[in-house]
Number of protein chains: 2
Amino acid sequence: MKASLKDIAKKVGVSTALVSYVINGKEREMRVGEEMVARIKKAARELNYQPNQIAKSLKSGKTLTIGFIVADISNTFFANLARIIEDEAKKSNYTVIFGSSDETPENAWNLMTVLLNRQVDGFIIAPTVNSEAQIKYLQEKNIPFVLIDRYLPDLPANYVALDNYKAAFDAVSLLIRNGRRRIGMVNYDTSLFHLQERSRGYKQALTENKLQVEPVLLQEIRESHLKEDIKEALDSFRALEPPVDAIFFPSNKLTVTGLKYIRDLKLKVPDDIAVVGFDETDAYDLFYCPITYVRQPMAAFGKQAVELLLKNIESNKNITQLNLEATLVVRASSGGMPDK
Amino acid sequence: MKASLKDIAKKVGVSTALVSYVINGKEREMRVGEEMVARIKKAARELNYQPNQIAKSLKSGKTLTIGFIVADISNTFFANLARIIEDEAKKSNYTVIFGSSDETPENAWNLMTVLLNRQVDGFIIAPTVNSEAQIKYLQEKNIPFVLIDRYLPDLPANYVALDNYKAAFDAVSLLIRNGRRRIGMVNYDTSLFHLQERSRGYKQALTENKLQVEPVLLQEIRESHLKEDIKEALDSFRALEPPVDAIFFPSNKLTVTGLKYIRDLKLKVPDDIAVVGFDETDAYDLFYCPITYVRQPMAAFGKQAVELLLKNIESNKNITQLNLEATLVVRASSGGMPDK
DNA sequence: ATTCTTTGCTTAAACGTTTAAGCAAGTGTT
DNA sequence: AACACTTGCTTAAACGTTTAAGCAAAGAAT
């Protein structure tokens with residue numbers, strides 16, 4: 001059904017080699033006769049020839065394919081990233097295969113081997129917890145990869161991530177400038193470095209402003225019991241004396257879930273409680289009080305990750321680690337516009 | 001670096017054929033000696049053999065890959081679908097390559113040929129407007145595919161979609177039962193059949209309840225100027241005498257954008273105006289008045305689409321067209337709980 | 001008239017698999 | 001002792017490309 005080089009060769013009455021040269025524009029170097037070039041091109045057009053990329057890949061060892069491994073492609077954050085990576089990859093004729101690890105290292109490892117068997121040229125990975133072995137495997141085998149969003153602090157590897165510390169620091173500093181003194185934070189109880197960095201930024205902002213870093217103000221909850229644990233955390237915040245007057249949520253899911261409960265409690269944002277969230281979502285606009293949030297530079301993430309990866313694929317360059325700056329999008333929920 | 005069948009064969013001192021038989025579990029049919037089987041398996045383990053899927057694909061003509069073509073993978077609707085399709089495909093050892101068409105038939109066509117060159121075994125497609133040629137091409141070439149979410153009314157092709165007519169009919173009927181008499185709808189000005197069906201359901205609900213289907217009540221706007229046009233539409237609704245007392249938005253973006261403007265206008269939902277939206281998003285929960293919406297059966301969409309596609313890949317079965325039922329999730333925004 | 005170059009093509013091997021066909025022993029049957 | 005089966009392996013071609021190497025014919029140089 002589908003025409004191959006052989007079909008064109010037969011039709012024109014020449015060898016497949018000659019056809020290959022012409023199709024790939026090597027007619028000059030290979031000194032193919034003008035008339036022959038025309039006949040082959042004509043035949044190719046008539047047969048609607050489309051090269052078999054699989055055969056090409058087998059020969060060349062390159063598939064022009066990127067494996068994109070994330071926690072969950074249905075999470076807006078990763079879905080947005082996927083789109084940017086797709087567009088960026090397309091510019092260099094790459095396509096993207098994705099896989100969701102659901103935050104478990106086993107799934108991530110399985111995904112990686114599946115994609116490796118499919119000979120992807122490289123990976124863009126948002127690593128799960130306990131994925132050191134996986135990353136080291138890639139390094140040993142010299143397989144190009146770039147970590148995105150998250151990274152492992154002591155592993156020298158390419159990554160494109162946020163300056164999480166500074167992002168959190170700035171967010172909390174804003175709340176302090178707006179007069180809040182009892183600032184809570186609800187983070188995941190996780191070993192993911194980027195989330196710990198956000199906690200560190202929170203603490204440092206308090207410290208630098210001579211506020212006490214009280215353990216009850218930094219609640220670490222289970223992702224598996226997000227809804228229940230967030231309620232508990234907020235309840236304990238309100239039970240304090242004096243109660244918390246501001247909350248910083250360092251992820252989109254935390255923010256959204258937290259806001260739902262705040263709405264159920266009929267708390268007034270920002271009067272009863274100020275809020276700063278993380279990541280961008282429509283939900284922040286629809287809340288009765290527009291939410292102040294930390295915006296990650298998604299486009300830069302995707303663009304830089306692909307660029308870095310492709311550079312690594314074509315020549316194993318040395319390691320690049322990028323910590324990009326977040327933007328604090330200030331709106332009503334953080335309580336009063338900051339001076340500036 | 002990576003071990004091949006040949007490496008194993010060399011190490012054991014046998015032919016690659018024998019190794020292939022053992023690796024693929026054909027040792028019984030092929031009467032391979034017990035001791036030999038053990039030696040080959042051992043060598044494979046020691047060399048950490050992983051089959052080259054590209055070579056397999058070239059031989060078999062099957063890539064175990066599905067092409068998933070959508071308007072925009074960063075749209076929650078498609079991102080959710082992607083995740084379900086991924087999981088479902090994984091069960092049968094398939095992987096998914098995705099591509100975003102941005103609603104233009106040229107992009108969709110290009111994507112299709114790129115993926116065809118990569119020899120995907122089949123497609124799951126949410127077709128754009130004017131994609132008849134593309135669909136017909138697939139049919140002529142006998143390439144398995146399943147349309148999802150959208151379909152072309154007169155083209156006999158597999159699809160998994162919503163019963164859009166009924167979903168809209170039910171949504172609008174609810175508003176009528178709740179006492180609304182001036183019900184507006186804001187749809188895209190598009191030839192996409194599934195959206196037209198939603199308009200049809202709207203009109204029919206009005207008609208069956210002896211309400212006049214006035215053109216001013218059904219505004220068709222440009223997706224490219226979503227924000228401006230929605231404002232204009234809502235303004236014209238409010239200028240009517242008597243003004244509109246309920247709005248039905250037949251997509252998630254329309255709903256979210258509409259709600260933003262409603263909030264800016266400080267209209268009270270549902271007292272000033274009742275709202276029924278489409279699709280599921282966190283934003284509906286965070287609005288001060290929880291939004292009633294039409295929930296599409298995403299899991300069933302994905303599951304059925306993959307199932308259908310795989311059935312078509314292994315044996316060209318006859319055409320299946322599924323119109324699944326939506327669920328109306330009733331909350332406060334539609335104005336008063338319905339009787340029942 | 002012989003050799004050297006250039007032109008324009010072909011041959012053949014390779015990428016890593018799969019699989020039909022073949023073949024040399026050993027075993028069993030008569 | 002001759003034959004047929006069975007066992008356990010190998011050979012070789014194929015999938016659709018790419019590309020180094022080779023070669024015949026024509027033209028140019030001596």
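Residue numbering restarts at 1 for every chain, and letters A, B, ... go by the order of the sequence lines.
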Visitor: Below 30° counts as parallel, above 60° as perpendicular, anything between as tilted: where do the rings of A:Y159 and A:Y151 land?
Guide: parallel
Visitor: Side-chain atoms of residues 22-33 of chain B: list all donor-acceptor pairs with protein atoms under 3.5 Å, sequence neighbours left out, distances to 0.1 Å.
Guide:
from: B:N24; atom 1: ND2; to: B:S20; atom 2: O; distance (Å): 2.8
from: B:N24; atom 1: ND2; to: B:S20; atom 2: OG; distance (Å): 3.4

Visitor: Among pairs that include at least one residue of residues 89-145 of chain B, which meet ring pair (Phe, Tyr, Trp, His ring centres under 6.0 Å), considering only residues two or more places apart or in two chains?
Guide: A:F98-B:F98, B:W109-B:Y137
Visitor: Just how far, in rounded Å, is P of D:dC9 from CD of B:E34?
Guide: 11 Å
Visitor: Answer with base, sugar-phosphate or nothing: what part of the nucleic acid does B:S15 contact at a heavy-atom distance below 4.0 Å?
Guide: base
Visitor: Working to the nearest 0.5 angstrom, can you tell me the gap between B:D149 CG and B:I124 CD1?
Guide: 12.5 Å
Visitor: Keeping A:T63 on the side-chain end and A:Q119 on the backbone end, is there a donor-acceptor pair under 3.5 Å?
Guide: yes
Visitor: How close or far is atom C1' of C:dA21 from atom CG of B:L18, stated in whole angstroms?
Guide: 15 Å
Visitor: Around A:K311, counting heavy atoms of other residues, nucleotides and ligands shown, do more than 12 lie under 6.0 Å from its NZ?
Guide: no
Visitor: Taking the minimum atom-to-atom distance to the side chain of A:L5, which one of C:dC9, D:dC9, D:dT18 wins?
Guide: D:dT18
Visitor: Using a cut-off of strictly less than 4.0 Å between a heavy atom of the residue and any atom of DNA chain D, enumerate the qualifying residues of residues 37-66 of chain B by number.
Guide: B:L58, B:K59
Visitor: CD of B:E29 versus P of C:dT19: gap in Å, rounded?
Guide: 11 Å
Visitor: Counting only side-chain nitrogens and oxygens, does A:S20 get under 4.0 Å of the OP1 or OP2 atom of D:dT17?
Guide: no
Visitor: Rounded to whole Å, please give me the gap between CE in A:M30 and P in D:dG22.
Guide: 15 Å
Visitor: Mapping B:R31 and A:Y21 onto DNA chain C by nearest heavy atom, which one lands closer to the 5' end?
Guide: A:Y21
Visitor: Using heavy atoms to find the nearest nucleotide of DNA chain D for B:T16 and B:E35 separately, return the residue whose nucleotide is more 5′.
Guide: B:E35
Visitor: Atom NZ of A:K26 and atom P of C:dG8: how far apart are they, to the nearest Å?
Guide: 19 Å
Visitor: Can a donor-acceptor pair be found between the side chains of B:R118 and A:T95 at a distance below 3.5 Å?
Guide: yes
Visitor: Measure from CG on B:N117 to P on D:dG16 and round the result to the nearest Å.
Guide: 14 Å
Visitor: Nearest-Å distance, CZ (B:R28) to P (D:dC9)?
Guide: 13 Å
Visitor: A:K6 has an atom NZ; how far is it from atom C1' of D:dA14, in whole Å?
Guide: 8 Å
